[in-house]
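Structure record follows, encoded as structure tokens.
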Amino acid sequence: MADLSLYRNIGIFAHVDAGKTTTTERILKLTGKIHKIGEVHDGAATTDFMEQEQERGITIQSAATSCEWNGHRLNIIDTPGHVDFTIEVYRSLKVLDGGIGVFCGSGGVEPQSETNWRYANDSEVSRVIYINKLDRLGADFYRVVKQVEEVLGARPLVMTLPIGTEENFVGVVDLLTRKAWVWDESGDPLKYTIQEPPAEMANLIEEWREKLIETAVEQDDDAMEKYLEGVEPDFETVQRCIRKGTIDLAFFPTYGGSSFKNKGVQLVLNAVVDYLPNPTEVKPQPEVDLEGNPTGTFAIVDADKPLRALAFKIMDDRFGALTFLRIYSGKLEKGTTVLNTFTGKTERIGRIVEMHANSREERDSAQAGDIVAVIGMKNVQTGHTLCDPDKPATLEPMVFPDPVISIAISPKDKGSNEKMGIALGKMIQEDPSFRVETDQESGEVIIKGMGELHLDIKVDILKRTHGVEVNVGKPQVAYRETITQRIEDSYTHKKQSGGSGQYAKIDYIIEPGEPGSGFVFESSVTGGNVPREYWPAVEKGFKASVDKGVLAGFPCLDFKVNLTDGSFHAVDSSSIAFEIAARAAYRQSIPKASPQLLEPIMKVDVYTPDSHVGDVIGDLNRRRGMIKSQDPGITGVRIKADVPLSDMFGYIGDLRTMTSGRGQFSMEFSHYTPCPRNVAEEVIKEVKERNKDK
């Protein structure tokens, strides 16, 4: 039995370019180095493999790597920084117990780090903060600490102070011990000395140390009382308080350093071991039934309980498909059979591997708290639960957002059709927020995703990883339809053609629902005019029609149908007859209920230098944007706006042009709102043209 208190499952999250990859790499170097002392890394050049990712700044080689530090086992899960991949961040957060939030010493808290931070708050993940790149021009540790308070609304608990700034940054002062860690200029992380801090920092150190102790002792009444009487608690007590507060999310221990220059990373690793929770100290995952309703039971982290494991990432590598699993309870053994509650099928566990910094080790078994990869699973997708076939349960179902944008693609040469199909199949398994469908009428392949960048990258993966060159159509927005008026109507379905006929009559009210309410059906028929057994058929008929709106064929949202009356025939009525009546009733009545086109509105977060604010706002207004707020920061202004997706195509290029390459933005889906009439008319016209061409 492994001792779970020595495990730390952690993620590293950050904004693109805050230095997440370099930090992870340095952690692996430091911890790998301890495995095999005496091997000198030559300047640890970033491998070529990372280049393609540096170009996009996406993520490192594998989803999970394990390493050791101070006798503890760290499983490090990498999370992407870009908002189009927030689904990845979300999924990674579900399997983590703690994390390191990396911020850039000069860039500070950027829009993307804010989204990821919010996700981590939702998932209640404890974090330590690492302010990186303190050797960079314009880096300011104290300013970033302030931003963490103001922008993220979080409480940073400052644990180290930087010695020297920008190119003179040499090390950090550990406030608890009042000792300075100073690295030499060799770039070797192990070449440091622990010494007395510079005399001129004495007042600063005492001021921040006092804040640290004061905040820590809030976690323990006895320590607090003594402290107020002037007795400083001992080192162990302070550490215990910091650990408790970190796990309860009361504050976030904050460190500084420069990963690139190999300064300060050890203290962050110590903090992971000292302050972040082990798998048993985290709220256990709730179990749900197959409909997604909580059962009230939890997957307790314990190797003797029934098996519960969550597949959180699937990766293709040269050994075949790797399915990464977080085991919440029980044991996973090679050669045993497990049940996938989503598909209802069982799978045999073949090879179990553990990813190490630079190699993989085969294992015969793994247990609660572990994160491992299984090779060659057939039907497992991200978000599926694997469990003991005799004691099934599902871990919280993953909710994936609906795509907001789609494009048609076709292979450049006719022969690649099958190759493209196989490649897309693999890509869907790796990313559930990416959908593919074939248009029934035109035979076009349509890919759908969370944004322009998301689909750009998918097309890039098709080309690079799978060698399929494709032609890309114009992006299509996922519009929706709804109705704006209440209408009472009636429909009779009669068919008489020798033999038994079909008969169904329904009277109903159709009325607009609240935004977000979807399709609601109820029946207030009394006296058996429409027998109860036909109600589901009426609901089914309406529900089946919802996918195709009457204006332009987009799904129809947020309306309610109330079946009020009707009649049936003892012989000729059947469920089918009532279903047909409902389908026809939808086509007859929705056009009378003043249907309206809805468009997806995106929450857009733009960051621009002061000098270009006017241009950026003017441009957002031209794109029918509603400016929500403007926050001047140190290095520029953050503008938050709601903008229709259809007006955001190609925005990144325009923003770069307007701000001479310095602007940044992120966007995520917010809600649907009615289209202005002129826009709606355009869209409907376009759809008609497209259908005519087909």
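Everything numeric here is computed off the predicted structure, so don't read it as measured data.
- Not a single salt bridge (charged side-chain N to carboxylate O under 4.0 Å, His left out) links E166 to another residue, sequence neighbours left out.
- Remark: I27 CD1 to Q266 CD distance equals 10.5 Å, nearest 0.5 Å.
- Across every non-hydrogen atom of P279 and R326, the tightest pair is CB-NH2, 3.7 Å.
- P233 and V238 get closest at one heavy-atom pair: CG-CG2, 3.8 Å.
- With sequence neighbours left out, the salt bridge (charged side-chain N to carboxylate O under 4.0 Å, His left out) criterion links D248 to K244.
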| task | Please step through side-chain contact (heavy atoms from CB on, under 4.5 Å) for the pair L176 and I242, ending with a clear verdict. | result | CA-CA 11 Å; L176 279 184; I242 296 175; 4.1 Å; yes
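- Of all heavy-atom pairs between P156 and A154, the closest is CD-O, 3.2 Å.
- Closest non-hydrogen pair, S66 versus E354, comes out as OG-CG, 4.1 Å.
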| said: As a quick check of understanding, evaluate side-chain contact (heavy atoms from CB on, under 4.5 Å) for R8 and N75, giving each step before the final call. | reply: CA-CA 6 Å; R8 297 289 180 275; N75 289 321; over 6 Å; no
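- For R363 and D370, the salt-bridge test passes: some basic side-chain N is under 4.0 Å from an acidic carboxylate O.
- For E236, there are no salt bridge (charged side-chain N to carboxylate O under 4.0 Å, His left out) partners at least two apart in sequence or on another chain.
- Contacts of Y130 classified as ring pair (Phe, Tyr, Trp, His ring centres under 6.0 Å), with partners at least two apart in sequence or in another chain: none.
- Residues passing the side chain to side chain donor-acceptor pair (under 3.5 Å) test with E232 are R209, sequence neighbours excluded.
- Y142 contributes atom OH, which lies 7.0 Å from atom CH2 of W208 (distance to the nearest 0.5 angstrom).
- Closest heavy-atom contact between R243 and V273: NH1-O, 3.5 Å.
- Of the possible donor and acceptor atoms, one in the side chain of T336 sits under 3.5 Å from a partner among the backbone N and O of E333.
- The salt bridge (charged side-chain N to carboxylate O under 4.0 Å, His left out) check on R127 picks up nothing, with sequence neighbours excluded.
- With sequence neighbours excluded, the residues that form a side chain to side chain donor-acceptor pair (under 3.5 Å) with Y275 are Q239.
- In this structure, the side chain of Q219 does not engage the main chain of A216 through any donor-acceptor pair within 3.5 Å.
- Within a 6.0 Å sphere centred on CG of N203, heavy atoms belonging to other residues, nucleotides or ligands number 12 at most.
- Screening residues 146-164 for salt bridge (Lys or Arg N to Asp or Glu O under 4.0 Å), with sequence neighbours left out, gives K146-E150, R155-E218.
- Of the inter-residue distances, the one linking H72 atom NE2 with L269 atom CG reads 12.0 Å to the nearest 0.5 angstrom.
- A distance of 12.5 Å separates CG of L212 from CD1 of I205, quoted to the nearest 0.5 Å.
- A salt bridge links D135 with K261: at least one charged nitrogen is closer than 4.0 Å to a carboxylate oxygen.
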| task | Evaluate side-chain contact (heavy atoms from CB on, under 4.5 Å) for L30 paired with N262, printing each intermediate quantity in order. | result | CA-CA 9 Å; L30 270 172; N262 275 316; 5.8 Å; no
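- Distance NZ/K263 to OG/S258: 7.0 Å, rounded to 0.5 Å.
- Classification of E206 and R178 as a salt-bridged pair holds, one side-chain N sitting under 4.0 Å from a carboxylate O.
- Counting only residues at least two apart or on different chains, the ring-ring contact (aromatic ring centres under 6.0 Å, His included) pairs with a member in residues 163-207 are W181-Y192, W183-Y192.
- Atom CG of L307 and atom NZ of K305 lie 13.5 Å apart (nearest 0.5 Å).
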| task | Starting from the C-alpha separation in whole Å, work towards a yes-or-no answer on side-chain contact (heavy atoms from CB on, under 4.5 Å) for F312 and I77. | result | CA-CA 11 Å; F312 66 93; I77 294 171; 4.1 Å; yes
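- T177 is linked by a side chain to side chain donor-acceptor pair (under 3.5 Å) to D174, counting only residues two or more places apart in sequence or in another chain.
- Evaluation of the ring pair (Phe, Tyr, Trp, His ring centres under 6.0 Å) rule for F251 yields no partner, not counting sequence neighbours.
- Of all heavy-atom pairs spanning P306 and S329, the tightest one is O-OG, 2.8 Å.
- A donor-acceptor pair under 3.5 Å is absent between the side-chain atoms of N9 and the main chain of L96, judged by distance alone.
- Legend: residues meeting side chain to side chain donor-acceptor pair (under 3.5 Å) with N270, ordered by chain and number and at least two apart, are W69, N70.
- Within a 6.0 Å sphere centred on NZ of K226, heavy atoms belonging to other residues, nucleotides or ligands number 12 at most.
- S126 places a side-chain N or O within donor-acceptor distance of the main-chain N or O of T246, the cut-off being under 3.5 Å.
- Distance alone, capped at 3.5 Å, is enough to place a donor-acceptor pair between the T254 side chain and the F252 backbone.
- In this structure, the side chain of R638 does not engage the main chain of D631 through any donor-acceptor pair within 3.5 Å.
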